[in-house]
Number of protein chains: 2
Amino acid sequence: MSAPSHISAPKLWIVLARAYGSASAYVQRAIAAQGLCLSDFMVLEVLLHKGPLTISAIGDKVLLASASMTSAIDRVEQRGFVQRTTCSSDRRIRLIALTPAGRHFITDLFAQHQQDLELLTAGLTETERKHLYSGLKKIGLTAQAATVPDLPQDHIKFS
Amino acid sequence: MSAPSHISAPKLWIVLARAYGSASAYVQRAIAAQGLCLSDFMVLEVLLHKGPLTISAIGDKVLLASASMTSAIDRVEQRGFVQRTTCSSDRRIRLIALTPAGRHFITDLFAQHQQDLELLTAGLTETERKHLYSGLKKIGLTAQAATVPDLPQDHIKFS
DNA sequence: GCATCTTCTCTCGACATCGAGATATCTCAT
DNA sequence: ATGAGATATCTCGATGTCGAGAGAAGATGC
């Protein structure tokens with residue numbers, strides 16, 4: 001807890017990576033106990049909170065490539081948690097919807113998940129949370145802005 | 001940047017995951033451009049800063065399972081960056097050491113890496129860094145403490 | 001109407017990781 | 001010495017992810 005007098009960039013990176021790793025492992029415990037991976041859980045959670053979506057729409061939310069989405073949906077469909085339905089207005093699309101069993105399952109699991117997260121952040125004061133939130137947001141945005149400039153940049157420049 | 005008035009635990013988790021994801025992608029750009037994955041890079045970096053180590057010692061530093069370490073060392077050995085040497089005092093052990101080529105390679109790449117990290121955290125004031133550091137450390141420790149209690153606990157209890 | 005471009009999903013092959021188990025070696029109490 | 005247990009590394013099979021590309025279907029321009 002006692003931070004060194006000067007926080008170098010590598011130190012910050014290490015502690016970020018470690019914090020995410022530990023938190024991720026902690027969060028995954030309850031999820032893995034139900035036989036799901038984190039991606040599957042996130043897919044179901046998005047469906048619970050946003051309603052039926054197309055595969056690519058879910059993929060955008062959970063940051064998964066299309067190939068990964070196909071197998072993610074396959075997995076949760078196999079277990080009867082979601083259903084693929086074809087859309088009459090656009091036959092390329094598969095609309096993914098929770099089944100009643102899936103809704104019940106993810107509702108319970110998400111409640112547990114929230115409880116886990118509360119425990120994880122219980123040791124933080126409100127101001128600490130605020131500082132963490134704004135700092136992480138800054139880093140995230142900086143990284144994202146610095147990563148993109150491969151293709152999109154000259155696309156913007158010359159359009 | 002403008003944080004909501006109350007930062008819920010799920011919000012904090014999301015922003016942490018996103019920040020790590022973006023930062024990780026950003027950091028990996030330069031590394032992947034050299035044909036290495038993040039694990040390989042960390043292995044080489046540890047060797048650069050700590051000198052020759054055994055496979056399991058490196059695995060402890062970079063948080064990789066033994067099976068993953070074997071293939072990680074295989075990869076960097078294949079490229080001539082490290083060398084496995086047997087230890088006469090303990091023949092179970094393989095001592096991993098950087099080759100001259102490997103040392104040169106990782107020295108350059110690490111310099112680039114540090115520069116990238118500086119850029120990533122350039123937008124943060126010293127106090128922001130401190131707050132981030134201590135907050136992330138707290139979360140990491142909390143998560144780690146909450147994840148372990150599976151096996152080690154009764155080992156401690158009854159020893 | 002028809003050709004072309006784009007979008008959506010799926011298949012395929014490659015990759016990094018892990019857990020479990022095999023093997024070789026060392027340590028230590030008897 | 002010797003046998004039991006610990007330790008270090010490796011092999012094997014499974015998993016989840018991704019990029020590239022295929023195929024179907026919608027959108028657009030002529």
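Below, chain A is the first sequence line, B the second, and so on; all start at residue 1. Worth saying up front: this structure is predicted, and the values here are computed from it rather than measured. In what follows, every heavy atom counts, from backbone to side chain, and hydrogens, waters and symmetry copies are set aside.
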What class does the angle between the rings of B:Phe81 and B:Phe105 fall in, given that below 30° is parallel, 30 to 60° is tilted and above 60° is perpendicular? parallel
Gap separating the OG1 atom of B:Thr121 from the CG atom of A:Leu16, nearest 0.5 angstrom: 11.0 Å
B:Phe110 with B:Leu119, same ILVMFWY side-chain cluster at under 4.5 Å: yes
Joining Ile, Leu, Val, Met, Phe, Trp and Tyr whenever any side-chain heavy atoms lie under 4.5 Å apart, the cluster holding A:Ile14 also takes in none
Counting only heavy atoms not in B:Gln83, do more than 12 sit closer than 6.0 Å to its CD atom? no
Under 3.5 Å, is there any donor-acceptor pair linking the side chain of A:Ser66 to the base of C:dC10? yes
Sequence neighbours excluded, which residues qualify as salt bridge (charged side-chain N to carboxylate O under 4.0 Å, His left out) partners of A:Glu77? A:Arg84
Residues of residues 85-95 of chain A with a heavy atom under 4.0 Å from any atom of DNA chain C, listed by number, are A:Arg92, A:Ile93, A:Arg94
Could you tell me how far apart A:Arg84 (CZ) and C:dT9 (P) are, to the nearest whole angstrom? 9 Å
With a 4.0 Å heavy-atom cut-off, tell me which residues in residues 67-79 of chain A come close to DNA chain D, sorted by residue number. A:Ala67, A:Ser68, A:Ser71, A:Arg75
Can you list, by chain and residue number, the hydrophobic cluster partners of B:Leu95 when the side-chain cut-off is 4.5 Å? B:Ile93
What are the residues of residues 30-56 of chain A, sorted by number, that bring a heavy atom to within less than 4.0 Å of DNA chain C? A:Thr54, A:Ile55, A:Ser56
